[in-house]
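Within every chain, numbering begins at 1; the chains are lettered A, B, ... in the order of the sequence lines, protein sequences first and strands thereafter.
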Protein chains: 2
Amino acid sequence: MTKPSSDPRHTLTLRDVSEASGVSEMTVSRVLRNRGDVSPQTREKVLEAARALGYVPNKIAGALASQRVNLVGVVIPSLSNMVFPEVMTGISEVLEGTGLQPVVGVTNYLPDREEKVIYEMLSWRPSGMIVAGLEHSDASRAMLRRAGIPIVEIMDIDGDPIDHAVGISHRRAGRQMAEAIIAAGYRRIAFLGTQMPNDHRARKRLEGFEEALAKAGLQLVDREFYSGGSALLKGREMTAVVLNRTPDVDFLYYSNDMIGAGGLLYCLDKGLDVPGRIGLAGFNGVELLDGLPRKLATMDACRLEIGRKAAEIIAGKASPGAKVELFPKLEPGDTIRPVSGQH
Amino acid sequence: MTKPSSDPRHTLTLRDVSEASGVSEMTVSRVLRNRGDVSPQTREKVLEAARALGYVPNKIAGALASQRVNLVGVVIPSLSNMVFPEVMTGISEVLEGTGLQPVVGVTNYLPDREEKVIYEMLSWRPSGMIVAGLEHSDASRAMLRRAGIPIVEIMDIDGDPIDHAVGISHRRAGRQMAEAIIAAGYRRIAFLGTQMPNDHRARKRLEGFEEALAKAGLQLVDREFYSGGSALLKGREMTAVVLNRTPDVDFLYYSNDMIGAGGLLYCLDKGLDVPGRIGLAGFNGVELLDGLPRKLATMDACRLEIGRKAAEIIAGKASPGAKVELFPKLEPGDTIRPVSGQH
DNA sequence: TATCCGGCTGTTAGCGCTAGCATTATCATG
DNA sequence: CATGATAATGCTAGCGCTAACAGCCGGATA
C-alpha cells in the first residue's frame, strides 16, 4: 500500500500536510489561515511541509465548512467597451486589502443571460454582488433579494434599487448636455447611438436629452442607430449618413465616445469647421479621446469612483443610504463652441 | 420551533425543497441536475417547489461531494488593451455548450500577482486553466503542473509549455514585419513601444524584428519607450519625440496598434506624407484601426482563434500535440508603401 | 409461480475542511 | 504544592451535497 505522499498523482489534502509535518490537520489549517495560536516552530514545520509538497488548500471544502466565501460577483454587460474595465479597476483596488475577490460575469446586454449569470454566481454563495444597471427580470431581482447578501446595482440611479445603488443619473446627464449645446447656440441637433433595446442607460440619456430640447422648444432633426461592428468605423459611417440626409444639421450628439470619435475624425477629414459649422459630443470620458486631434466634448461617467464606492459597500467599509449619486462633469473639449457672449 | 421554510432569512437547502415537495433530497438533487431517472410527475412537483421557494443550489457543496468543478481559470495580464476581451470571447464561445464556465484573473503583467492569482484559482479546483504567456515563476509552473488538470498557455509559442500551448510566434511576427518594411525600401527604422519588463511577447517581437534588420545589415536608428497613460496620446507624444530627435527616420514600428494609431494621427496632423516620406506599423489587428483616416499596417494576433482553440483543448474537444501554432497575416494597410518595382 | 428486469426512489457514507469546544503542556502565583 | 491562567494542540461533528448502491414495485418472461 503506497503512501499518498509517494503518489504524485494523488490530490493533496490537509491530511498529507499534517502527516508530513507531524501535527494534526487542525493545526495545519490554523497555520495556513493564520488564525489562532500556533507556536513558531510548529508554524515553520507546517509551512515547510506544505511548500515541499506543493499543497494548495481546497477552498471548496473550506468554504463549505466555514460558510464563508471570499468572492464578490460582478455582473456587467460587456468587457469590450472600455467602460467596464475601469469599473473593475475601481472594484479591485478597494477589494484588494479585504480578502475579497471579484468574479466577473458578462451578460452581453441580454436579460436572459443576465438571469443565468446571476443564478450561477449565487450558486457559489458569494459574499456580495455588484450588478450593472437597475433593470432586471423579476426572477433576477427575486434571486438577488433572497440571497441575503449585500447587493449593489451600479452605473445608474434612475430607478428603484434592490438594496444599494451607486451611479449617476443618466437622464440628468442627457439633460445637462442638451442644455450646454443649446446654450452654445446650436439648434439643429441630431442623435447617433446604439440600437440596443437593453442599453437602458443610453436610452435614459437620450430621454433626458430630448426632454431638455423640448423644454427649449426644439426637437431632434435626425437620428441614426447602429449595432455591432467597430464603433469607430460605425461612428464615421453614421455621421456620413446623417450629414448626407440632413445637410444643415449643426450638432451631433453620440451615445458614446467611441462612435463620437469616429464622427469627429470623419468631420475633420471632410474639412468641416468644428466646432463652428458643426459641434459634437459623446459620453463616457474615455482615455482614448486624449489622443484625438481635437478633444471631443463628453461627460465623465465616474466609472472608477462607481467601482470604488460599490466595493466599499460590499466590504462594509461604507454604510450609506440606499442610493449613492455621483455627479459627472461636462467636459466641453474642443467640439462645442464657447457660449456666445462670454468668451 | 419555527420551520425553516417559514423563516425568510434561512438559507435554503435541498432539504427545504425535499420537504416542500415530499420526496427525498436525493430525488430533488437528481431533478435539479437532470441526472438519473425521475418520473415526470415527481420532476414537476420538485421543480414547482424549488421555483416557489426560490431555491438556488449550493455549488460549493455540490462540487465537494462530486469532486467536479465546472470552472476554467483564465489568467491574463490585462483587460484594458482590447486584446484579451477578444480572447475571452473565443473562450466563452466554445465553453458555452460544455457546461464549463470561465473565471478570469488579471495579473497586470506582474509575476508575483500572477503567482497569487494562479494559487487562488487552483484553490477552487477548476477543471482546467488557461494562462497567458509561457513565462512564469518556478512556483507558478510547479503549481500548475501539480494540479493534475489540463493547462493551456496561450498567445505565445516561443518556449516550452507546461502542458499545452496555443499561440503565434512573436519572434517570427517581428521578423516578418521587418522583412516587409525592408522590402518596401525603408531603411531608417525606429521602434516605439511599451517599457514593460514583463511584456515578453512585445519583447520577442522586437527581438525578431531586430534580428531581421541585422540580417539585412540594418539596425534601429532610434527607440522610445513608455509606460502607463492613454496609449493613443502616448503614441502621439513618443512619435513627436522620435521625429524631433531623429528627423530623417523613415519608418516607425510600434509595439501595439493603439500607440501606432496615435502616431498615425500625429503624422497626419503634421502633414507628413504617409507612407511615402514615412511608414508606420503596429501589432494586433484591433478593430479600432478600421475607423482611422488611413489604415495602419499591422499583424493580426489571431486572438479569437487562440481563445477558441485553448477552450477546445480544455473541453477535450481537441487533443492535439503540445503546441498549436497559428499564423498571423500581415496586413499592410495604407501605411507601408507598395514594394518598389511591383505596383 | 418463480424469476428477472428496468424504472423509480431512498439510504448510507463520505467529499476536505473548519467552528467550537476539550484537552494537555507550561508556568507563574499565593 | 495546589491552583488557575494562558498557550498550544487535538477531537468531534458537521457544512450541503452527490456517488454508489440498495430497495421496491409492477409487469414481462419462462
**OP:** Measure from CG on Asp37(B) to C1' on dG26(D) and round the result to the nearest Å.
**Re:** 16 Å
Original post:
Salt bridge between Arg113(A) and Glu96(B), side-chain N to carboxylate O under 4.0 Å?
Top reply: yes
Original post:
What is the distance from OH of Tyr55(B) to C1' of dG16(D), rounded to the nearest Å?
Top reply: 7 Å
Original post:
Start at the 5' end of DNA chain C and walk down; is the nucleotide closest to Ser24(B) or to Glu25(A) reached first?
Top reply: Ser24(B)
Original post:
Between Val38(B) and Ser66(B), which has a closest nucleotide on DNA chain C that is more 5'?
Top reply: Val38(B)
Original post:
In whole angstroms, how far is the C1' atom of dG16(C) from the CG atom of Leu14(A)?
Top reply: 7 Å
Original post:
Does one side chain, of Ser137(A) or Arg141(A), offer a donor that lies under 3.5 Å from an acceptor on the other?
Top reply: no
Subject >> Salt-bridge present (Glu48(B), Lys45(B); N to O < 4.0 Å) >> reply: no
**OP:** Return yes if the base of dG16(D) and the side-chain atoms of Arg125(A) contain a donor-acceptor N/O pair under 3.5 Å, otherwise no.
**Re:** no
Original post:
Among dC8(C), dG10(D), dG16(D), which nucleotide sits nearest the side chain of Leu64(B)?
Top reply: dG16(D)
**OP:** Ignoring the backbone of Arg30(A), work out which of dT18(D), dT9(D), dG10(C) is nearest its side chain.
**Re:** dT9(D)
Original post:
Rounded to the nearest Å, what distance is computed from the CD atom of residue Glu19(A) to the C1' atom of nucleotide dG10(D)?
Top reply: 15 Å
Original post:
Can we say Glu86(B) and Arg303(B) salt-bridge, meaning some charged N sits less than 4.0 Å from an Asp/Glu carboxylate O?
Top reply: yes
Original post:
Which of these nucleotides, dG7(C), dT9(D), dA19(D), is closest to any side-chain atom of Thr42(A)?
Top reply: dT9(D)
**OP:** Under 4.0 Å between any heavy atoms, over every strand shown, what does Arg43(A) touch: base, sugar-phosphate, or nothing? Just pick one.
**Re:** nothing
**OP:** Respond yes when some side-chain nitrogen or oxygen of Gln67(A) is under 4.0 Å from OP1 or OP2 of dC17(C), and no when none is.
**Re:** no
Subject >> Validation row: Thr107(A), Lys116(A) side chains within 4.5 angstrom (heavy atoms) >> reply: no
**OP:** Can you figure out which of dC17(D), dC17(C), dA8(D) approaches the side chain of Asn58(A) most closely?
**Re:** dC17(C)
Subject >> Phosphate OP1/OP2 of dT18(C) contacted by Ser29(A) side-chain N/O (<4.0 Å) >> reply: yes
Original post:
Rounded to the Å, how far apart are Arg33(B) CZ and dA20(D) C1'?
Top reply: 12 Å
Subject >> Interatomic distance, Met26(B) CE vs dT9(C) P [rounded to whole Å] >> reply: 12 Å
Original post:
Can you check the Trp124(A) CH2 to dC17(D) C1' distance for me, whole Å?
Top reply: 12 Å
Original post:
Under 4.0 Å: is that the gap between some side-chain N or O of Thr27(A) and OP1 or OP2 of dG10(D)?
Top reply: yes
**OP:** Run the salt-bridge test on Glu19(B) and Arg15(B) with the 4.0 Å N-O cut-off and return the result as yes or no.
**Re:** yes
**OP:** Starting at atom CG of Leu12(B), determine the distance to atom C1' of dC17(D), rounded to an integer number of angstrom.
**Re:** 15 Å
Original post:
Should Ser39(B) be listed as having a side-chain N or O under 4.0 Å from OP1 or OP2 of dT9(C)?
Top reply: yes
Original post:
Does Arg35(B) make a side-chain N or O approach to OP1 or OP2 of dA19(D) shorter than 4.0 Å?
Top reply: no
